[in-house]
Amino acid sequence: EADKHHCLILSHEVGEDGLLVETTTTAVSFFIFAAKPLREPVVWQGPFVMCSEEQIRQSMLDYQCGRNGFENANTWHSKNKNNMR
């Protein structure tokens, strides 16, 4: 069960290959993405997804300092951006 704007990690075990969606309203939309399992740790915070807490901290620092791919981050407009400051 999840609220809007949340990520669910689905099982890849044998026999667990279905998805049932029930809503309390008539309107629903979602995005399903599938890939091979990484078999690595996954850590996420806000818009950042990495393999460790240290990588998350480094990405957040890079974002805040406008470096390492985030040089134009101060012109981005998103709800997640407001949570990073």
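The structure displayed is predicted, hence computed values, not measured ones. Just the heavy atoms: all of them, side chains too, but no hydrogens, waters or symmetry mates, feed the values below.
Within the structure, salt bridge (charged side-chain N to carboxylate O under 4.0 Å, His left out) contacts touching residues 60-69 (residues at least two apart or in different chains) are D62-R67.
In plain terms, the two heavy atoms of V42 and V49 that are nearest each other are CG1-CG1, 3.9 Å. The heavy-atom pair separating S59 from F70 by the smallest distance is O-CE1, 4.0 Å.
Atoms CG and OH, from N68 and Y63 in turn, are 14.5 Å apart once rounded to the nearest 0.5 Å. Atom CD of Q45 is separated from atom CE of M50 by 12.5 Å, given to the nearest 0.5 angstrom.
For E54, the salt bridge (Lys or Arg N to Asp or Glu O under 4.0 Å) test picks out R57, with sequence neighbours left out.
Although no hydrogens or angles enter the test, the distance criterion places a donor-acceptor pair under 3.5 Å between the side chain of E71 and the main chain of G69.
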